[in-house]
Asks: 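Take this structure, written in structure tokens, and hold onto it; I'll ask about it next.
Numbered from 1 within each chain, the chains take letters A, B, ... in sequence-line order. Computed from a prediction, not measured in an experiment: that's the story for all the values here.
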Number of protein chains: 2
Amino acid sequence: MTSSPHFHILIEKIFSINVTAEELKSIPEPSLRRLPVYLQYLQNARETGKTEISTTLIARDLRLDPTQVRKDLAYTGIIGKPKIGYNIDILINSIEDYLNWNNLSDAFLAGAGNLGLALLGFEQFTKYGIKIVALFDNDGRKIDREVKGVPVLPVEKMASLAKRMHIHIGIITVPASSAQSVAEQMVAGGIKAIWNFAPKMLKLPEEIIVENAQFATSLAVLTRKLAESLKMVE
Amino acid sequence: MTSSPHFHILIEKIFSINVTAEELKSIPEPSLRRLPVYLQYLQNARETGKTEISTTLIARDLRLDPTQVRKDLAYTGIIGKPKIGYNIDILINSIEDYLNWNNLSDAFLAGAGNLGLALLGFEQFTKYGIKIVALFDNDGRKIDREVKGVPVLPVEKMASLAKRMHIHIGIITVPASSAQSVAEQMVAGGIKAIWNFAPKMLKLPEEIIVENAQFATSLAVLTRKLAESLKMVE
DNA sequence: TAGATTGTTAATCGATTAACAATC
DNA sequence: TAGATTGTTAATCGATTAACAATC
């Protein structure tokens with residue numbers, strides 16, 4: 001009994017020691033990546049007037065394994081009812097809370113080009129817990145204007161402003177050639193997490209969280225699968 | 001010996017039977033997703049004047065396991081030299097060939113908004129084997145213009161034109177509300193693979209290849225990791 | 001040659017899937 | 001109640017990592 005790997009966690013719980021960080025870490029990344037998919041599916045389902053939903057149904061619609069769906073949802077702390085399933089409203093809230101998408105985080109976006117503007121205008125971006133509070137660009141024609149109520153400022157002001165405003169999230173939509181430099185300025189401004197859309201691997205201190213949203217990765221899967229399927233029917 | 005699972009493949013090779021489709025399927029998706037990362041890294045490395053590179057070095061720079069890098073690269077058919085490594089030019093070519101990025105495929109893009117235009121202007125998009133040959137939109141003000149030499153046409157012409165031009169790839173950058181309808185029109189036009197940027201799960205025939213490039217997934221990982229790291233220092 | 005690297009086989013690790021008791 | 005669903009433990013599967021002979 002005392003040799004159970006969960007024993008110390010149990011003890012910590014009994015004595016109300018904060019083990020949140022420990023628990024937070026435990027979700028596998030594939031599960032984490034599926035949560036937004038469930039979220040969007042559930043929001044659709046809610047609009048049809050449903051109030052309860054089972055993992056059996058979710059799994060069928062999303063072509064997943066029902067046990068997998070149950071495990072994924074369990075990470076958010078939701079508890080279902082045998083024979084009935086889960087209350088959709090509570091489930092949606094549970095996922096959003098888990099992702100911290102109910103607390104808006106301010107973010108800076110560098111690169112006021114088409115992609116940057118697309119992200120800024122992304123339908124209800126705030127749904128994803130992010131609020132872009134300033135754009136940064138080097139193009140004099142863009143600077144000091146406002147886009148959708150968000151000011152466009154020169155890049156050299158980014159670091160000091162980030163520090164002053166305690167910004168933790170930076171989004172990079174500049175060309176690959178200036179991505180590294182922009183990233184370093186973000187880090188200098190105290191930014192802790194960077195969402196990088198530039199097709200360029202950033203070299204940054206290990207503690208900085210970098211999520212690469214590279215189109216190339218996605219395209220590789222697509223073109224490869226297509227080549228496969230065309231070969232198959234040859 | 002004869003019970004080896006590779007025996008029948010061996011036989012097929014000896015008799016020159018086409019087993020390409022079989023071989024193509026074998027790469028694990030995580031490996032496939034890493035190939036574009038290597039590609040971009042190698043292109044950078046080439047610019048510094050290097051001609052040979054080892055997986056030891058690649059792994060260190062990209063924070064991966066060297067054996068993993070070797071296995072990934074081996075899927076493309078490349079052969080290295082002990083003690084030396086791989087010729088960078090040949091390696092780049094090998095990956096591009098494997099991804100079929102040396103053969104440009106024509107593609108249609110539906111949704112001439114900011115995101116659509118960002119994709120269209122994406123630096124050297126043709127580097128990724130895709131050539132967008134027409135944009136489609138419902139907004140009368142956009143229709144019949146040209147953007148960067150690519151015509152903008154009304155959505156209702158998409159299906160028949162796709163059929164006539166034998167287009168296999170469709171890109172969706174329309175709002176979530178019209179994504180399903182646009183996708184169905186693409187399928188009606190004979191399109192086999194869809195790159196979907198709309199935050200909406202598409203319900204399509206099983207044989208259609210759908211790659212969801214959803215921002216939400218990427219953001220979930222980012223915001224979660226950030227929440228973790230902030231909790232840790234509490 | 002000695003040291004470094006490749007390519008491959010075996011061991012490990014972690015995610016997915018299966019089995020099943022508990023439950024409404 | 002009977003049937004369906006949850007939640008959990010065990011088995012399976014597949015990707016990653018370790019070990020090591022072959023090689024330049």
Asks: Please check if the side chain of Ser229(A) supplies one atom and the backbone of Leu226(A) the other of a donor-acceptor pair under 3.5 Å.
Replies: yes
Asks: Compare every heavy atom of Leu42(B) with every heavy atom of Ile92(B), then report the nearest pair and how far apart it is.
Replies: CG1-CB, 3.7 Å
Asks: For a 4.0 angstrom threshold against heavy atoms of chain B, report the outermost contacting nucleotides of DNA chain D in 5' to 3' order.
Replies: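 Boundary nucleotides touching chain B, in 5' to 3' order, are dA15(D) to dC24(D).
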Asks: Using a heavy-atom cut-off of under 4.0 Å over every strand shown, decide if Ser54(B) touches base, sugar-phosphate, or nothing.
Replies: sugar-phosphate
Asks: Both Thr67(A) and Lys81(A) contact DNA chain C. Which one's nearest nucleotide lies toward the 5' end?
Replies: Thr67(A)
Asks: Please examine the side chains of Ser105(B) and Thr223(A), heavy atoms only from C-beta on, and report whether any two atoms are closer than 4.5 Å.
Replies: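 The answer is no, as the side chains (C-beta and beyond) never meet within the 4.5 Å cut-off.
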Asks: For DNA chain C, which consecutive runs of 3 or more Watson-Crick or G-U pairs (each distance under 3.5 Å) count as stems?
Replies: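 Listed by first number, the stems are C:3-24 with D:3-24.
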Asks: Pick the nucleotide of DNA chain C nearest each of Glu29(A) and Pro82(A); which residue has the one closer to the 5' end?
Replies: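 Nearest-nucleotide comparison on DNA chain C picks Glu29(A).
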Asks: Give a yes or no on whether the backbone of Asn196(B) and the side-chain of Glu211(B) come within a donor-acceptor separation of less than 3.5 Å.
Replies: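 The answer is no, because no donor-acceptor pair under 3.5 Å joins these two groups.
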Asks: Is a side-chain N or O of Gln214(B) found less than 3.5 angstrom from the main chain of Phe197(B), in a donor-acceptor match?
Replies: no
Asks: Return the minimal non-hydrogen interatomic distance between Thr76(A) and Ser94(A), and the atom names on each side.
Replies: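 Minimum heavy-atom contact is OG1-OG, 2.8 Å.
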Asks: Any side-chain to backbone donor/acceptor pair from Trp101(B) onto Tyr128(B)? Under 3.5 Å, distance only.
Replies: yes
Asks: Using modelled atom types only, decide if a donor and an acceptor are shared between the side chain of Thr217(A) and the backbone of Val37(B) within a distance under 3.5 Å.
Replies: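 No; zero donor-acceptor contacts below 3.5 Å.
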